[in-house]
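Order of appearance sets the numbers: ligands from 1, and atoms from 1 within every ligand.
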Amino acid sequence: LNMPNGIVAPRVVVVVCLLKGKKVLLGRRRSSIGDSKFSLPSGHLEFGESFEECAARELKEETDLDIKNIELLTVTNHVFLEEAKPCQYVAIVTRAVLADEDQEPQNMEPNMCDGWDWYEWDNLPKPLFWPLEKAVQAGFNPFRP
Ligand code: GPP
């Protein structure tokens, strides 16, 4: 994926809006991109995976939660030109619900996230990771039927 001049090919990430009642799961990022900003769980699509498999795997790895009813919502494109290492992500945005309503998220990768919590869509924490902020500004709402 490395191309001349240190440019890296666009990567596919699967983003999960995990809905619980009126709330959605967000965590504060620990990352070179969007450090300390709130975002949805996400991760890179691995070779051979379906979007749904990727969503379920990432949620398990990052939160230990099991999810079901995984649905595709939209696709967004994010170009980071101002970063030390310019990069581009195509985000496959999905939604899902808990397989077991009583399961609570665990912070399985504390070097990548400060912790997970549930937030109402109308009262999201600040600051949001800018790709999410942009989607919200554009009217994206994972609760719409
Ligand atoms: C980074 O994913 C995710 C994006 C740039 C897109 C997010 C889009 C939304 C609509 C929220 P990552 O944190 O899993 O990747 P990396 O580990 O490369 O930082």
Ion pair E71/R95, N-O distance below 4.0 Å
yes
For G43, the ligand 1 atoms with a heavy-atom partner under 4.0 Å come out as 14 (O)
Pick one of side chain, backbone, both or neither for how S31 approaches ligand 1, counting any non-hydrogen atom pair under 4.0 Å.
side chain
Atoms of ligand 1 close to H78 [distance to a heavy atom under 4.0 angstrom, numbered from 1]
6 (C), 8 (C)
Nearest protein heavy-atom contact for atom 19 (O) of ligand 1: which residue, which atom, what distance?
R29 NH2, 3.3 Å
Please work out, at 4.0 Å between heavy atoms, whether the side chain, the backbone, both, or neither of S39 comes within that distance of ligand 1.
side chain
Taking the side chain from E53 and the backbone from S50, do they hold a donor-acceptor pair closer than 3.5 Å?
yes
Atom 4 (C) of ligand 1: nearest protein contact (heavy atom, Å):
F129 CE2, 3.9 Å
Look only at interatomic distance and state if Y89 has a nitrogen or oxygen under 3.5 Å from any nitrogen or oxygen of ligand 1.
yes
Does the residue F80 have a heavy-atom contact with ligand 1, meaning some pair of atoms that are separated by less than 4.0 Å?
yes
Could you state whether L25 and F140 fall into the same hydrophobic cluster, counting links through intermediate Ile, Leu, Val, Met, Phe, Trp or Tyr residues with side-chain heavy atoms under 4.5 angstrom apart?
no
Any ion pair linking E101 and K20 (charged N to carboxylate O, less than 4.0 Å)?
no
E109 side-chain N/O to N107 backbone N/O, donor-acceptor pair under 3.5 Å
no
Give me the residue, atom name and distance of the protein heavy atom closest to atom 14 (O) of ligand 1.
S42 OG, 3.0 Å
Test: D66 and K60 ion pair at under 4.0 Å
yes
Does E58 reach ligand 1, in the sense of a heavy atom lying below 4.0 Å from it?
no
Nearest to atom 10 (C) of ligand 1 by heavy atom, P131, P41, S32: which?
P131
Is the ring pair F129/F80 parallel, tilted or perpendicular, if the boundaries are 30 and 60 degrees?
parallel
List the closest protein heavy-atom neighbour of atom 15 (O) of ligand 1: residue, atom name, distance to the nearest 0.1 Å.
H44 NE2, 3.2 Å
Mind checking whether M112 and L65 sit in one hydrophobic cluster, side chains of I, L, V, M, F, W, Y counted as touching below 4.5 Å?
no
